[in-house]
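Please read all numbers here as calculations on a predicted model, not as lab measurements. Index from 1, following the sequence.
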Amino acid sequence: TIHCTDCAVRDTRSEPGTDEDGLGADAQDNGHLTFVRTLIDRSRTLGIYLSDEGGSASLTDVIIHDVAVQASDGAGGRGINAQLGVDLILERVLVEETNEMAVFIAGDSTATLTDVTIDGCDVSQIYGDGVYVGRSERVLVRGCNIHHNGRQGIAVTYGRDVVIEQNHIYEIRRTALDLEPNGYADEIENVVIRRNLVGFARGNFVSGHGRGSTFTGISIVENVARSQHPIPVPRHIRDYARSQQHARRSMGCAATLSR
């Protein structure tokens, strides 16, 4: 168990004789981590690594800044990695200047995010979504470079008061921006998507569908979609835009209305 209040962890490096690791913090095998008012700055591979069922972490007023890749193979660079059954709570957390992704949740782990900012991250070459927002409130995703991912660029499945702005999203296998409440009790409320630059995506520029009980307050403004290929737009949105003869104004972007 690690409890850390008013701490700074800086310049962690690989073990002598290796080019791997250099993590800012590590809790495994039912480990528990609590950080309050803590800075993790200039770590390597992972800012915080959490693994194994029964483990947990609570981060409050935490900044994770500048996570470098492994020198040996260029892998890693994640801000927070939680996997294999870890419970993660983030409140007023800033993750910035990572090289693979800001927050990675997998393997039956759960995360609750409140007042979280993901800023200036490069998210690429991963199988899943570039940024996934679920069970979260007051989340800002800003200034990220999200590209060459296997699923969505940015996905929101359960979130309130989410702002997605000034990101560059391109070469996405599915939809660039996906609003998808998966469960009947899931809610998407007050989501602002603005001033993003979107390149090629095989799916839609924006998708909005699912089984959620609440889907309201969605604002899509001042985005630009540019691609060598037409970016598909859902048919009902395309038909509405054409009927109004103001496609760009209706979509809030310069997307091509393809068939």
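Thr214 approaches Glu189 most closely through the heavy-atom pair CG2-OE1, 4.2 Å. Looking at every heavy atom in both residues, Asp115 comes nearest to Arg138 through OD1-NE, 2.5 Å. Taking every heavy atom of both residues into account, Phe215 and Gly208 meet most closely at CZ-CA, 3.9 Å. Nearest approach of Asp129 to Arg151, heavy atoms of both residues: OD1-CB, 3.0 Å. Among all heavy-atom pairs drawn from Ile188 and Leu179, the shortest one is CD1-C, 3.8 Å. Nearest heavy-atom pair, Asp41 versus His65, reported as atom, atom and distance to 0.1 Å: OD1-ND1, 2.6 Å.
Looking at Arg226 and Leu197, their side chains come closer than 4.5 Å, going by heavy atoms from C-beta outward. Between Tyr158 and Asn182 the shortest side-chain heavy-atom distance does not fall below 4.5 Å. Using a 4.5 Å heavy-atom cutoff, the side chains of Leu59 and Ile80 are in contact. Side-chain atoms of Ile154 and Asp178, non-hydrogen and from C-beta on, never get closer than 4.5 Å to each other. Counting only heavy atoms from C-beta outward, the side chains of Asp21 and Thr12 never approach each other to under 4.5 Å. Considering only heavy atoms from C-beta on, Ile64 stays 4.5 Å or farther from Leu94 through its side chain. Using a 4.5 Å cut-off on side-chain heavy atoms (C-beta onward), Phe35 and Ile48 make contact. Thr60 has its side chain out of reach of Val62: every pair of non-hydrogen atoms, C-beta onward, lies at least 4.5 Å apart.
The residues Asp119 and Arg142 are annotated as salt-bridged, a charged nitrogen and a carboxylate oxygen being separated by less than 4.0 angstrom. A salt bridge is defined here as a Lys NZ or Arg NE, NH1 or NH2 lying under 4.0 Å from an Asp or Glu carboxylate O, and Arg194 with Glu222 fails to meet this definition. Ion pairing of Glu137 with Arg160 is present here, as a side-chain N (NZ or NE/NH1/NH2) and a carboxylate O approach within less than 4.0 Å. The pair Arg37-Asp6 counts as a salt bridge, with a side-chain nitrogen and a carboxylate oxygen less than 4.0 angstrom apart.
Ile40 and Ile63 end up in different hydrophobic clusters when Ile, Leu, Val, Met, Phe, Trp and Tyr side chains are linked at under 4.5 Å. Cluster membership for Ile172 and Ile220, using ILVMFWY side-chain heavy atoms within less than 4.5 angstrom, is shared. Taking hydrophobic clusters as Ile, Leu, Val, Met, Phe, Trp and Tyr residues chained together by side-chain heavy-atom distances below 4.5 Å, Val116 does not share a cluster with Leu39. Ile218 and Val139 end up in the same hydrophobic cluster when Ile, Leu, Val, Met, Phe, Trp and Tyr side chains are linked at under 4.5 Å. Following chains of ILVMFWY side-chain contacts shorter than 4.5 Å, one can reach Ile118 starting from Phe104, so the two form part of one hydrophobic cluster.
In this structure, CG on Leu113 lies 7.0 Å from CG on Leu88, to the nearest 0.5 angstrom. Here the CZ atom belonging to Arg195 is positioned 6.5 Å from the CD atom belonging to Gln166, to the nearest 0.5 angstrom. To the nearest 0.5 Å, atoms CD1 (Ile146) and CD1 (Ile169) are separated by 5.0 Å. A distance of 10.0 Å separates CZ of Arg13 from OG1 of Thr45, quoted to the nearest 0.5 Å. Note: Glu180 CD to Thr157 OG1 = 8.0 Å, rounded to the nearest 0.5 Å. Here the CG-OG distance, from Asp26 to Ser43, works out to 11.5 Å after rounding to the nearest 0.5 Å.
Distance alone, capped at 3.5 Å, places no donor-acceptor pair between the Asp186 side chain and the Pro181 backbone. In this structure, the side chain of Thr98 does not engage the main chain of Glu96 through any donor-acceptor pair within 3.5 Å. Between the side chain of Arg44 and the main chain of Val69, a donor-acceptor pair closer than 3.5 Å is present. For Asn223 (side chain) and Ile193 (main-chain N/O), a donor-acceptor pair under 3.5 Å exists by modelled atom type. Under the 3.5 Å distance criterion, the side-chain polar atoms of Asn196 are matched with a main-chain donor or acceptor of Ile164.
Judged by the 6.0 Å and 45° rule, Arg211 forms a cation-pi pair with Tyr184.
In Arg42, the CZ atom is crowded: over 12 heavy atoms of neighbouring residues, nucleotides or ligands sit closer than 6.0 Å. In the displayed structure, Glu53 atom CD is contacted under 6.0 Å by at most 12 heavy atoms of other residues, nucleotides or ligands.
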Start with the C-alpha gap between Arg202 and Arg174, add the side-chain angles, then the distance that decides, and say whether side chain to side chain contact (heavy atoms under 4.5 Å, CB included) holds.
CA-CA 5 Å; Arg202 290 181 181 271; Arg174 296 188 181 179; over 6 Å; no
Using side chain to side chain contact (heavy atoms under 4.5 Å, CB included), reason through Cys121 and Glu97 one step at a time and then give a plain yes or no.
CA-CA 5 Å; Cys121 299; Glu97 296 186 23; over 6 Å; no
I would like to know whether Asn81 and Leu50 meet side chain to side chain contact (heavy atoms under 4.5 Å, CB included); could you show each step before the answer?
CA-CA 6 Å; Asn81 189 110; Leu50 309 161; over 6 Å; no
Test Val93 against Val95 for side chain to side chain contact (heavy atoms under 4.5 Å, CB included), laying out the working first.
CA-CA 7 Å; Val93 172; Val95 182; 4.0 Å; yes
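Of the options Val86, Leu23, Leu33, a side chain to side chain contact (heavy atoms under 4.5 Å, CB included) to Tyr49 is made by Leu23 and by none of the others.
Residues His32 and Ser56 have side chains that bring a donor and an acceptor to within less than 3.5 angstrom of each other. Residues Asn167 and Glu165 have side chains that never bring a donor and an acceptor to within less than 3.5 angstrom of each other. Checked by atom type, the side-chain pair Ser207/Asn204 shows a donor-acceptor distance below 3.5 Å.
Ring orientation note: the planes of His147 and Tyr170 are close to parallel, at an angle under 30° on the 30°/60° scale.
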